[in-house]
Amino acid sequence: MLAYIIRRVVQSALVLLIVGLAAFSMFRFVGDPIENMLGQERTTVDIERLRDQLGLDEPFIVQYVKFLEGAVQGNFGVSYRQGRPVSDILVERAPATLELATVSCVLAIAFGIAFGVFTAIRRDGFLANFIMSTSLIGVSLPTFLIGILLIYIFSVELGWLPSFGRGETVQIGNWSTGFLTASGLKALILPSITLGLYQMTLIMRLVRSEMLEVLRQDYIRFARARGLKNRTINFRHALKNTMVPVITVIGLQLGSIIAFAIITETVFQWPGVGLLFINAVQFVDIPVMAAYLMLISVMFVAINLIVDILYFFIDPRLRVDRAGGH
Amino acid sequence: MNDTLDKIPQRSRLRMFLDSDIYYAFRRSPVAVVSTVVVSILILAAVFAPLIAPTNPFNPATLNLMNGFTGPMAPNAFTGESFLLGTDDQGRDVFSTILYGMRVSLFVGVAAVLFAMVLGITLGLVSGYVGGWTETIIMRVADVQLTFPSILIAMLIFGIAKGVTPVEYRDQMAIWVLILAIGLSDWVQFARVVRGATLVEKRKEYVEAARLIGRTPCAIMLRHILPNVLSPVLVIATISLALAIIAEATLSFLGVGAPATQPSLGTLIRIGQGYLFSGEWWILLFPALTLLTLALSVNLLGDWLRDALNPRLR
Amino acid sequence: MSDVVLSIRGLSVKIPTRSGIVKPVDDISYDIRAGEILGIVGESGAGKSMAGNAVIGLLNPPAQIAAGEIWLNGSRIDNLKDAAMRRLRGKHIGMVFQDPLTSLNPLLSIGDQLTETMLTHLPISRSEAHQRAVAALDEVGIPGAAERIGSYPHEFSGGMRQRVVIALALCAEPSLIIADEPTTALDVSVQAQIIALLKRLCRDRGTAVMLITHDMGVITEAADRVAVMYAGRLAELGAVRDVLTQPQHPYTQGLMASTPLASQGKARLHQIEGAMPRLNAVPEGCPFHPRCAYAQDKCRAAPTPQIVGGHAACWFPLIAQKVS
Amino acid sequence: MSLISVKNLTRVFDVSKPWLNRVIERRAKAFLTAVSDVDFEVEERSTYALVGESGSGKSTIGRMLVGLLTPSSGKVEINGVNLATETDADKVDVIRSDIQMIFQDPFASLNPRWRVRDIIVEPVVARGGDATGLAEKLLVQVGLSALDAGKFPHEFSGGQRQRICIARALSSEPKLIVCDEPTSALDVSVQAQVLNLMSDLKDNFGLTYVLISHDLTVVRHMADRIGVLYLGRLVEEASPEDLFTDTKHPYTKMLLEAAPRMDGFGREADLPEGEIPDPIDPPKGCAFNPRCPIATNICRQERPMMRQLGDIRVACHLAD
Amino acid sequence: ETLRWARSGDALTLDPHAQNEGPTHTIRHQMYEPLIIRDISGAFEAALATDWAPKADDPNIWVFNLREGVTFHDGAAFTAEDVVFSFERAKQPNSDMKELIGSITEVRAVGDFSVEIVTDGPNPILPSNLTNLFIMDKDWTEANNTVDVQDFEGGELTFATTNVNGTGPYVLQSREPDVKTVMVRNDAYWGIDQFPMEVTEIIYTPIQNAATRVAAMLSGEIDFLQDMPVQDLERVNAVDGLIVKQAPQNRVIFFGMNQGADDLESDNIDGANPLADVRVRQAMSMAINRDAIRQVVMRGQSEPAGMIAPPFVNGWTAEMDAESSTDVEAAKALLAEAGYADGFSIRLDCPNDRYVNDEGICQAAVGMLGQIGITVNLDAKPKAQHFPLISGGQTDFYMLGWGVPTYDSEYVFNFLVHSRESEIGTWNATGFSDADLDLMIQSLASNTDLEARNADIATIWRTVQDEQLYIPIHHQVLNWGMSERVGIEVDPEDQPKIKYFTMN
Ligand SMILES: Nc1ncnc2c1ncn2[C@@H]1O[C@H](COP(=O)(O)OP(=O)(O)OP(=O)(O)O)[C@@H](O)[C@H]1O
Ligand SMILES: Nc1ncnc2c1ncn2[C@@H]1O[C@H](COP(=O)(O)OP(=O)(O)OP(=O)(O)O)[C@@H](O)[C@H]1O
Ligand SMILES: [Mg+2]
Ligand SMILES: [Mg+2]
């Protein structure tokens with residue numbers, strides 16, 4: 001297990017290096033930050049001075065190494081746009097995204113698994129078919145459109161839920177949370193549905209097909225032959241086995257939730273890192289973009305590591321320390 | 001007896017297909033039949049758009065801006081012209097734009113999936129069959145790829161491509177970059193599935209038999225293994241197609257999609273969503289419905305195929 | 001006969017398929033008494049497993065019982081509701097499948113699997129179940145049962161796993177065991193051990209055993225009586241020695257003759273030409289007639305007779321021919 | 001002269017965990033010796049059988065015979081040519097076309113996407129030969145109809161497929177066919193058909209068979225000489241008559257005892273002890289010693305050499 | 001009363017001198033004050049200065065008399081010393097306001113409530129450069145170690161970046177950049193009786209997505225909305241309790257063309273530059289149907305333009321602004337005359353996130369130019385990628401919008417007409433260069449004879465018009481959406497000052 005984790009960590013570090021490089025090099029091409037930072041009245045001299053000051057005229061590799069050095073120390077430089085250290089901005093924005101992502105994940109996983117199990121057990125039932133078909137609609141419309149439609153229905157037409165922002169937040173140390181106020185919770189509803197819907201569908205379909213697969217395994221037949229209760233068979237035997245492949249995918253999906261938050265946050269003006277990223281892209285705010293991508297990758301890598309470790313707890317076959325011959 | 005040999009009736013592939021279980025199951029599944037019909041109609045409509053569409057919305061010189069915002073089947077206040085599904089903000093006939101937009105969307109989707117497929121199948125076959133370091137490297141690359149969300153990959157590629165292509169090619173480039181971006185973020189699942197299937201097939205004895213008579217690995221992979229791993233690929237390809245079409249739409253919302261002068265369905269929806277509150281619902285509704293119908297029926301078909309082609313679920 | 005544990009009367013199983021309804025089990029009847037091992041042999045696809053599954057109520061849809069009755073310990077069970085049938089399984093009927101590797105849930109320890117079965121059926125406490133689980137493992141010959149109770153299936157060898165499976169099937173002390181090819185996946189040496197184990201348990205506990213296999217040798221050594229199935233029907237049913245030494249049905253005879261025997265030396269094997277018909281093309285009359293050397297018009301037209309008198313379902317049992 | 005000569009044939013598989021695991025868990029590399037120091041010769045036009053329980057290395061030997069695997073040490077010579085080391089490409093090619101194989105699983109050994117005709121003639125076509133009408137001719141020879149050439153494998157039953165496999169094996173006019181459990185997936189009645197067919201073809205084409213099987217009755221029926229394998233080692237080799245009547249090795253005895261008999265009504269077999277040990281870490285000395293009822297000290301210390309006892313070769317310290 | 005206020009973007013910093021940017025100034029205006037502000041009509045209004053005039057005996061000196069009895073938010077009194085300090089601060093190298101007051105050589109206090117501003121030559125339009133120059137408290141700034149202007153580009157964070165101590169009508173309560181800024185009424189404000197001051201609390205939220213912005217307005221979560229999408233005016237107006245008010249904005253939208261190059265990169269004509277021919281430029285202007293753009297693309301929310309100066313600007317004339325016409329046939333004829341009867345193709349660079357419906361306008365232009373045979377390839381992109389093309393001179397045909405904060409044509413000429421040099425003409429990507437004109441433009445800065453100066457301005461404009469240096473499209477119209485409870489008129493600078501707001 002240790003070896004496995006070490007290998008994963010090394011791999012992850014490689015991933016981060018590559019992502020960092022890719023991200024960093026991409027930003028060289030998106031646009032010229034200088035233009036945005038100086039107003040209409042800037043002069044050529046100003047441009048040169050600033051370029052020099054930001055180190056933008058140094059060789060590419062030097063800039064990248066500098067960037068990495070900083071990144072390792074949690075220092076991503078200073079936002080060109082807000083003129084504040086990127087790490088501060090990220091710390092400020094991360095809670096919003098993390099809360100949104102958490103709620104979406106919980107929704108996606110809870111409903112995904114519940115519906116998946118249900119549709120697998122009642123494979124040909126009407127309700128199961130209905131859920132399956134409607135879930136397809138969820139993946140057949142782009143996320144941004146779903147968000148806008150939800151706003152249209154629940155904010156504009158019905159006036160039930162807020163159309164933007166986090167509502168009121170409470171500051172606990174460095175963390176601002178919307179979980180503690182009614183308006184904060186209300187504000188979470190639409191964005192988290194928008195964000196979680198797609199992943200929920202994916203998880204649900206995956207759980208369903210894996211579950212169907214597991215349900216026709218011999219050990220399930222044997223469990224039936226032993227007269228075990230359906231509940232025991234479905235949940236203790238089938239679901240647990242289903243989880244082995246499902247967990248990997250859930251792990252990947254959780255990462256995507258954070259990435260897809262870009263869209264949801266844009267639509268709902270949710271003050272998280274996704275919105276920050278889109279702003280940064282529009283403003284060619286290189287440090288913010290680089291930091292965001294690194295952040296996403298770190299989360300991804302972390303989630304995957306956790307998922308891998310989870311395996312060891314679920315699947316005893318992985319715990320063997322014996323060289324496998326057969 | 002040799003002279004009779006030539007007369008042996010051979011069942012054609014078509015006949016075989018018509019007799020097959022798949023086709024039987026297909027005929028008995030209304031969902032599958034309906035979605036196939038819908039997809040075919042949409043694809044035909046897209047392919048023959050220049051013949052069907054009343055106007056060519058991609059030719060700006062033919063547009064009359066004054067026709068803008070005409071409601072469906074209602075005459076325009078200035079020009080008196082009327083349009084089946086109305087016009088958009090540029091005075092383009094929505095019906096024609098949808099047909100042409102679907103062309104773009106389908107082209108991007110199909111090409112991206114084909115690209116992902118070719119790449120994924122090749123890498124999957126090679127890594128599954130050859131194994132060893134080759135496999136390790138390919139699959140690690142796939143892992144890295146997987147750890148990176150597809151829209152970020154797409155934005156990344158878009159950014160880089162935009163930086164490196166000369167300005168005058170940017171317009172043509174946009175489409176190809178979309179294809180590359182979506183394709184690149186999609187090959188992994190093909191590779192994984194093909195690799196998995198290859199690992200299974202490779203152990204089957206017909207492969208041994210072919211090795212025994214000295215067939216080259218290349219011939220074995222292409223002639224023996226490939227045909228046998230295609231059915232899961234088909235399923236993924238179908239579902240990927242729906243995903244690719246949606247991905248294209250999402251990317252155009254984020255501003256990295258098809259150009260506004262040659263809008264895809266996604267671009268149309270992005271434009272249309274700006275008119276959701278202002279009463280020009282048709283600019284959003286019709287493209288969105290088309291996208292929904294297209295993606296939904298492709299998805300349904302893929303879903304059905306997955307169940308039908310999975311021997312263990314039958 | 002009060003000691004009849006299982007009694008099957010006119011059992012048919014049907015499956016609706018694309019080309020009409022097929023009957024993988026067609027009108028079979030037999031009894032199994034307590035402490036008796038009934039061997040069921042027949043070629044692949046003859047309907048052996050279907051018959052076993054029908055008894056324990058685990059037919060995979062769309063297969064379903066089409067006709068007939070199944071009686072267990074004097075009560076009818078083929079028309080029971082799902083829940084009632086479930087309570088019967090494991091408690092009154094145990095089942096052992098062919099592949100011990102896939103019969104055990106890889107994620108649960110064998111102790112868990114044993115205790116959950118016992119707790120489902122027996123009114124005992126968890127700790128008692130645990131003790132009984134150890135005892136059950138001990139009984140099927142797992143060395144160091146107490147230590148190995150927390151092990152997972154992958155930590156056992158094939159033969160050991162099959163013992164665990166048998167322990168699981170027996171742990172609620174059912175009166176009938178259905179063993180569907182319990183040794184096909186195992187080596188001869190292990191097969192001998194497992195068969196001996198089954199025989200011993202059956203003898204000690206008075207359990208009735210339905211032993212499904214296609215290995216004539218296993219039947220010979222293990223079974224008391226044997227039922228030979230062909231294309232979903234019973235071809236022959238009787239005491240093992242009678243059926244195997246003096247087969248009355250041409251099919252049984254062919255089967256016996258095509259098995260290579262020491263006595264035969266290198267002579268050509270007897271060969272039954274052709275193959276068992278596919279289920280959707282079972283011929284009229286006796287299903288074996290197209291391959292039967294003795295077939296007559298009657299065999300082609302009239303359905304096979306029930307087994308009466310002798311032990312074969314044949315219009316012209318071989319004994320009779322020899323006599324005439 | 002003998003067609004095949006196998007000398008000190010050994011095959012070791014590296015089943016170690018990846019490097020990092022070994023470093024952390026302080027483990028040495030793990031090797032599985034699937035075939036260990038096996039010698040035998042096969043006469044032309046004879047049938048040589050290899051028997052043994054699962055994992056005893058039968059298939060591994062078979063695959064080395066046909067060149068699908070290279071030996072770790074020792075050699076296989078076919079007609080005096082060692083496929084693994086021969087550099088003359090033409091020679092290798094000739095020998096290769098002389099060897100064919102029939103596999104256990106008739107369902108997996110035919111490519112489901114190919115027509116039977118293409119499957120059968122592939123060995124010829126792959127070498128650029130002309131195969132017009134060949135498939136049809138062979139199909140008739142193996143007892144199928146020429147009309148079947150245009151069909152796909154799924155339209156055939158198991159026995160028929162095995163016939164197609166045989167037809168494929170015959171198409172390149174081989175001298176030697178290695179049959180890896182050719183009938184173990186088939187029913188007795190079909191098995192009889194296939195075994196008969198094999199015997200007929202042997203006579204007609206002058207074939208040599210290496211027959212791999214775990215079924216003693218089949219082996220006894222078919223073989224001219226039988227080699228018994230245990231944990232990758234050849235423990236006994238004899239003609240069927242000798243092997244079944246004058247059994248020398250305790251393992252062979254155990255096998256014969258355990259195998260069910262057609263006349264053994266109600267027989268209580270002398271139960272074999274234990275199970276086959278882990279091949280990665282085989283017992284010291286004679287591999288069979290932990291299960292052997294007559295094992296002595298020397299059996300635990302020294303690996304017995306193959307000895308010639310009359311017409312029988314046996315690897316047992318105690319056999320006489 | 002709380003005012004919930006939204007627009008598309010947020011202030012970049014609160015340091016009064018660190019960034020010269022519209023939305024940033026808007027937020028500052030609520031809390032800081034300059035000497036002079038512009039009222040809703042664009043006229044100067046006294047803020048911290050009560051009156052101002054050039055010194056009679058020296059045209060190089062302006063005298064500003066300051067308001068007495070003003071206190072900063074922390075209670076400190078406002079004096080001339082603070083003004084001197086603030087001007088000095090605004091001239092620091094890090095300041096973004098330094099170009100605007102480049103001509104000022106000295107600011108000196110004359111008593112507690114009067115200052116003299118010395119310029120390097122007569123500067124008739126000095127007051128217009130001071131309307132966004134905010135005054136800070138010297139003592140507070142020194143006490144909080146924030147005398148130096150925040151080095152915005154360098155990423156410096158100073159006390160003044162996040163804290164405010166102004167004299168303005170509202171006091172900062174909390175701020176999360178890009179998320180939310182809350183301000184409350186300053187009850188000690190000097191003008192508390194003079195202005196309505198009915199808003200007691202301001203909650204300011206930037207909302208980027210246009211549809212979401214409108215949705216928030218429609219669902220009643222917002223009382224006051226800037227950056228309103230033109231297509232939603234009617235819908236918002238139709239909702240009970242919501243109204244939209246509009247006014248012409250100080251911004252004109254136009255196309256620029258590279259007429260200086262010998263050959264263009266993005267066209268399909270080899271060895272010649274079609275745009276160098278004035279007839280081609282005129283033909284292109286004639287092809288644009290500004291009425292259609294106004295009607296359809298802008299939904300009536302624009303005023304077709306004939307010159308590239310907004311009507312507020314000194315030098316603007318109604319005649320010149322009416323000079324553009326649409327005549328497709330004449331345009332074709334002109335093209336043919338110029339030798340391009342078959343047209344040509346060219347790329348149009350266009351922003352898609354800067355001006356009202358910028359991309360839509362470009363698309364419309366593509367169609368219209370197509371009708372006279374010019375094939376235009378549109379390349380629309382975010383402003384971050386668009387503007388570098390213009391300032392780098394890498395575009396042949398582009399869209400640009402221009403506002404004139406000084407309300408004087410000189411500002412336009414300096415940036416858009418003067419030959420491109422390192423300190424001047426920096427936004428002139430047309431390649432147009434006329435040495436005589438350049439001299440005339442440079443002399444405007446110090447010409448105190450207003451009449452002669454205006455004559456020069458007219459002459460320069462005439463050349464710009466005759467040369468068809470740019471293709472004017474329209475003047476933008478500004479729309480503010482608001483709840484009916486809010487009473488305010490639209491400010492042409494798009495600078496709402498909440499102290500003028502009434503609430504009922
Ligand atoms: N869903 C189905 N549709 C059609 N035929 C089926 C279906 N399921 C099973 N059968 C057929 O039912 C017959 C009986 O199968 P069963 O498993 O009982 O045979 P068996 O005697 O146990 O064979 P084996 O020795 O291979 O286990 C077979 O011919 C099989 O092909
Ligand atoms: N490629 C391989 N890598 C590692 N171990 C292998 C490999 N191939 C075979 N083995 C091992 O070598 C041993 C002998 O295998 P082999 O397949 O030759 O046995 P067999 O006698 O044919 O058994 P069976 O009757 O099950 O087919 C087994 O322990 C097997 O696990
Ligand atoms: Mg069976
Ligand atoms: Mg083998």
Side-chain angles (χ1 to χ4, degrees), chain B residues 55-70 76-79 87-92 97 155 158-159 162-163 165-174 252-263 267 269-281 283-284, chain E residues 209-215 217-218 229-236 238-239 265-268 288-289 291-293 295-297 299 343 345 347-350 352-353 357 359-382 385 389 394-396:
Chain B
T55 63
N56 178 355
F58 287 5
N59 181 357
T62 63
L63 301 176
N64 181 355
L65 186 59
M66 293 311 282
N67 277 332
F69 301 114
T70 315
N76 178 280
F78 304 103
T79 63
T87 61
D88 68 1
D89 58 329
Q90 291 292 321
R92 288 181 292 218
T97 352
M155 293 183 79
F158 210 91
K162 213 159 179 181
T165 41
V167 213
E168 49 265 40
Y169 297 116
R170 279 211 189 135
D171 248 12
Q172 299 100 298
M173 178 210 75
S252 58
F253 174 75
L254 293 177
V256 286
T261 41
Q262 302 193 0
T267 322
I269 293 174
R270 186 200 56 190
I271 296 171
Q273 58 114 5
Y275 301 98
L276 180 63
F277 303 118
S278 60
E280 284 95 5
W281 47 269
I283 305 180
L284 174 64
Chain E
N209 190 268
T212 314
R213 216 151 56 224
V214 176
M217 178 109 253
L218 291 174
V230 288
Q231 63 267 25
D232 293 313
L233 304 179
E234 280 174 40
R235 171 75 195 256
V236 172
V239 171
E265 261 189 38
S266 73
D267 69 353
N268 64 345
I288 304 289
N289 183 345
D291 252 341
I293 293 179
Q295 294 273 7
V296 180
V297 181
R299 305 270 183 147
S345 85
R347 187 184 73 242
L348 170 60
D349 291 302
C350 187
N352 58 15
D353 57 354
N357 283 350
E359 193 178 354
I361 298 166
C362 288
Q363 267 192 64
V366 169
M368 292 161 176
L369 290 168
Q371 275 156 11
I372 63 165
I374 302 179
T375 311
V376 179
N377 303 312
L378 176 60
D379 189 7
K381 52 206 155 309
Q385 290 149 33
L389 296 181
Q394 293 161 318
T395 170
D396 297 331

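Letters A, B, ... are given to chains in the order of the sequence lines, protein chains preceding strands, and every chain is numbered from 1. Excluded from the calculations below are hydrogen atoms, water molecules and symmetry mates; all remaining heavy atoms, backbone and side chain alike, are included.
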Asker: For E:Q363, is it the side chain, the backbone, both, or neither that has a heavy atom closer than 4.5 Å to a heavy atom of chain B?
Answerer: both

Asker: Could you tell me whether the side chain of E:D232 reaches within less than 4.5 Å of the side chain of E:R213, counting heavy atoms only?
Answerer: no

Asker: Using non-hydrogen atoms only, which part of E:A210 is less than 4.5 Å away from chain B: side chain, backbone, both, or neither?
Answerer: neither

Asker: Nearest 0.5 Å, please: how far is CG in E:L369 from CG in E:L378?
Answerer: 11.0 Å

Asker: Top residue by heavy-atom pair count (under 4.5 Å) with chain B, among E:P229, E:A238, E:A211?
Answerer: E:A211

Asker: If you define the side chain from C-beta out and look only at heavy atoms, does anything of B:L284 sit under 4.5 Å from B:I269?
Answerer: yes

Asker: Quick check for you: to the nearest 0.5 Å, what is the distance between E:N377 atom CG and E:D349 atom CG?
Answerer: 10.5 Å

Asker: Would you say the side chain of E:N289 lies within less than 4.5 Å of the side chain of E:Q371, judging by non-hydrogen atoms?
Answerer: no

Asker: What part of E:L233 gets closer than 4.5 Å to chain B, counting heavy atoms only: side chain, backbone, both or neither?
Answerer: neither

Asker: Check whether E:N357 gets within reach of chain B through its side chain, its backbone, both or neither, counting any heavy atom under 4.5 Å.
Answerer: neither

